[in-house]
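To keep things clear, I will list the structure first and then write my remarks on it.
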4 protein chains.
Amino acid sequence: MSTSTTLVAVDDPAADTKSNVDGPGTPRRGRPRSIEADQAILTATVDLASEVGITGMSMDDVAQRAGVSKATIYRRWCSKEALVLDALRSATLPFDDVDTGTLSGDLDLYVGELIRRFGTGPMNDVLPHLIEVSCHDETIRSSLDDYIRVRRVPLRTILTRAIERDELPSETDVDVTIDMVIGAFVYRRLLSHDTIDEHFAARLRAIVFPPPS
Amino acid sequence: MSTSTTLVAVDDPAADTKSNVDGPGTPRRGRPRSIEADQAILTATVDLASEVGITGMSMDDVAQRAGVSKATIYRRWCSKEALVLDALRSATLPFDDVDTGTLSGDLDLYVGELIRRFGTGPMNDVLPHLIEVSCHDETIRSSLDDYIRVRRVPLRTILTRAIERDELPSETDVDVTIDMVIGAFVYRRLLSHDTIDEHFAARLRAIVFPPPS
Amino acid sequence: MSTSTTLVAVDDPAADTKSNVDGPGTPRRGRPRSIEADQAILTATVDLASEVGITGMSMDDVAQRAGVSKATIYRRWCSKEALVLDALRSATLPFDDVDTGTLSGDLDLYVGELIRRFGTGPMNDVLPHLIEVSCHDETIRSSLDDYIRVRRVPLRTILTRAIERDELPSETDVDVTIDMVIGAFVYRRLLSHDTIDEHFAARLRAIVFPPPS
Amino acid sequence: MSTSTTLVAVDDPAADTKSNVDGPGTPRRGRPRSIEADQAILTATVDLASEVGITGMSMDDVAQRAGVSKATIYRRWCSKEALVLDALRSATLPFDDVDTGTLSGDLDLYVGELIRRFGTGPMNDVLPHLIEVSCHDETIRSSLDDYIRVRRVPLRTILTRAIERDELPSETDVDVTIDMVIGAFVYRRLLSHDTIDEHFAARLRAIVFPPPS
DNA sequence: AGTTAAGCGAGACGGTACGTCGTGTCTTGTG
DNA sequence: CACAAGACACGACGTACCGTCTCGCTTAACT
């Protein structure tokens, strides 16, 4: 539902839909907001956050890099974290769900994508900051939760499809399986810093989806 | 080895060994550092970080709460994060490894402890901040890695013991199993915010260590 | 010319002309600096410096008393001393030059004013500090020199007028006379702490401008 | 009497006499204070104060330069200013009073000495700081007053001798004359920064002691 | 000769001010 | 209205200095 929402736009009358996409019913008086500004800000945020981290990135920096004034940023997002969260969202491509016909094939594709994202995703180091803030800010927390929930969908689709195909037993615990798979990636990425590659993926698969033996 | 190291003592000549355990060969001239101060600072940090989070906790607050001057803190730790990391360490009790005789029993104990720690640990919200900093600060990163590595030991002990007892096949992939188990806890705790309880633990166990059926 | 300059405005594009009097050619974009803040800061500085001395006056104190943030102060003055110097300037009323018609009358007025200022001037204890700083800071030094030079003008006016009136010989050494008169006041005020009153003034006059006898 | 006193030695039982010269009546038990330390500290103070000014000179600097610990300094002087004042005293040679037989000759010698001291005296920039402190610290003030008073003596001697010789009228106002002469030097040195040389001295003399015409 | 009181270098300590920086808001003038 | 520029209040940061306080050692004078 509200999965691709812009976060808490300060005074956006259409705060629960995609920003700047208010239908013709709400013509908004006065000068319309610059769409280039939106993009420039998000781009600047993604770049800067990747380069120096969220803490190392000041809002003045973002404004300057985007060629925009701070007020223009705060008119759209109510806080630094709200901006970063949306920037993260904007930088996250959706998984494209390809049905290869077999669980094995689907997983290959999915895990390959996971490796790619966890390995090089520029905004990956940004998550911890948002997590911290979300511990003390309910708004950020629910938006972040949304974002996290969405990222579970592709694997769930793959697993339920496998159950329908009778490749997995019907009593398979889909949710916790997802927790474990994504959890292992997250853990390696954020905590242990062990390598995340094909080999790791294969070992992971061998545990959760043991070969027919 | 360097697992119980004090972090980055600013000018500690024995920075890479257990603190204050330099042999009698280094008599350390001048007034010795106050041990009460050490303790007071760490305690104040743990308390404050739990109450208001790292970001909400100022170094002046810590100094005041500890009855200590800021200089005294910075003489021991070179940054806020270094302090917090050591405080986290000081607040983390070691797991006590009890051999119940069976994998099942060992896991019950271990997972119970995990639930307790991930559920209520006062310093849990502190991890994300450290993770973020560690992305851009090599010193913090390696210390944090140490800390993380240590927390893997108890589960590894349990699993290798189970292999010796022939409760698990000898080719069991211990490392990735640990990644998945702890990873699932981490993921729920930090990202999805799903409940972490006995039921979750049971489902997790059912996947990684399937009942004999 | 640059006698009524505001001191070392940190990034004032018109630092060498009267402040805020740049012609209409430089419209100064952005929010203009608050004039009330200027005044509040100077007033707070004069008050505090009089009460507790420069050393005893912290910039935080000034900010609080002025109802202003420290950044606002440092945006205008680059150091505590620069602020104090401008505060001194702002607290120094110009001498009003009254032509009484005779040297004797002019001197009475002038010296009376001198007694009043050296006796009770709230900012008098502030001079030594500025002098010290000016020994090691070229910027402060030249500004202070300006200020000092200005204070010589009234007496010079009186003396040249007396020469024109033939009350003083045309070869009178005006400069050194000024040095001696003001110097004697300064010396008593700062060094010897002897009383500065009408009697002292009379004795001084008797030496420099001996009665016709 | 107390003119060449060491200032406020912290716990010196003979605080009102020259330090370390307590008579044999008070033999002081324990290890005697190091005389080299005394000298080293004073020398370091004079040097540092000349180089970087009092404010720019920290007590740690003095201790290091003198090869002495801070405690050793504070055992002798109760504050930075007390130390500086004594250092100033130690660096000030007494005027040697030579009777040339005429006022003119005496003045030549005296004024020459004045020019030399005001021109190059390393500790000259140190006075303003002491003056400032003395505004708020009674102890420093009285010690400084002593020092200042002493420096008036030579000129007074010269003038009274001239009166005895009938070179000056007996009703000459010696005190204010001194104020003016020294005052003019002080004023040029500290405030106006005009040159202090033979020419200036000559003009000064022409005003206070006009040639017989 | 042994005791003892004090001096000494080193450096930690509490307190306090410094000047800088970042956040989110507000205020100008211009489109 | 939006926008660029930039001032503003608030508050944390990490550094520096002052004057005090241990430490363990050294140095004489007193027993």
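Letters go in sequence order (proteins before strands), and every chain restarts at 1. Basis for what follows: all heavy atoms, side chains included, without hydrogens, waters or symmetry-related copies. From a predicted model like this one, the values you see are computed outputs, not experimental measurements.
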Qualifying residues under side-chain hydrogen bond (donor to acceptor under 3.5 Å, both in side chains), relative to C/Arg65, sequence neighbours excluded: C/Glu51
Got a sec, which residues hit side-chain hydrogen bond (donor to acceptor under 3.5 Å, both in side chains) with D/Asp125, two or more places apart in sequence or on another chain?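 Listed in chain order: D/Arg189.
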Below 4.0 angstrom, N of the basic side chain to O of the carboxylate: do C/Arg33 and C/Asp38 qualify?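 No salt bridge links C/Arg33 with C/Asp38.
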Do you know which two heavy atoms are closest between A/Ala63 and A/Ser69, and how far apart they sit?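 Scanning both residues completely, I find the closest heavy atoms to be CB-C, 4.1 Å.
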Rounded to whole Å, please give me the gap between [atom1] in [X] and [atom2] in [N].
{"X": "A/Ile41", "N": "F/dA2", "atom1": "CD1", "atom2": "C1'", "answer": "12 Å"}
{"X": "A/Ile73", "N": "F/dC3", "atom1": "CD1", "atom2": "P", "answer": "11 Å"}
{"X": "C/Arg29", "N": "F/dA5", "atom1": "CZ", "atom2": "C1'", "answer": "6 Å"}
{"X": "C/Arg75", "N": "E/dT27", "atom1": "CZ", "atom2": "C1'", "answer": "13 Å"}
{"X": "D/Ile35", "N": "E/dC8", "atom1": "CD1", "atom2": "P", "answer": "10 Å"}
{"X": "B/Arg33", "N": "F/dG24", "atom1": "CZ", "atom2": "P", "answer": "16 Å"}
{"X": "C/Arg31", "N": "E/dT28", "atom1": "CZ", "atom2": "P", "answer": "7 Å"}
{"X": "D/Leu83", "N": "F/dC18", "atom1": "CG", "atom2": "P", "answer": "11 Å"}

Tell me, please, which residues at least two apart from C/Lys80 pass side-chain contact (heavy atoms from CB on, under 4.5 Å). C/Ile54, C/Met57, C/Met59
List in chain and number order the residues that pass side-chain contact (heavy atoms from CB on, under 4.5 Å) with C/Gln64, two or more places apart in sequence or in another chain; answer none if no residue qualifies. none
Counting primed atoms plus P, OP1 and OP2 as sugar-phosphate and everything else as base, spell out the protein contacts along nucleotides 15-22 of chain E at 4.0 Å heavy-atom distance: B, S or - for each nucleotide, 5' to 3'. B-SSBB-S
Of all the nucleotides listed (E/dA6, F/dA7, F/dC3), which has the minimum atom distance to the side chain of C/Arg76?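 The answer is F/dA7.
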Nearest-nucleotide 5' precedence on DNA chain E, D/Thr72 against B/Ala37: D/Thr72
Do C/Asp60 and C/Lys70 have side chains that get closer than 4.5 Å, going by heavy atoms? yes
Is there a side-chain contact (heavy atoms from CB on, under 4.5 Å) between B/Thr45 and B/Trp77? Walk through the geometry before answering. CA-CA 12 Å; B/Thr45 304; B/Trp77 293 277; over 6 Å; no
Structure string for DNA chain F in dot-bracket form, Watson-Crick and G-U at under 3.5 Å, | interchain: |||||||||||||||||||||||||||||||
Checking side-chain polar atoms at under 3.5 Å, does D/Ser58 have a donor or acceptor matched by the opposite partner on D/Asp61? yes
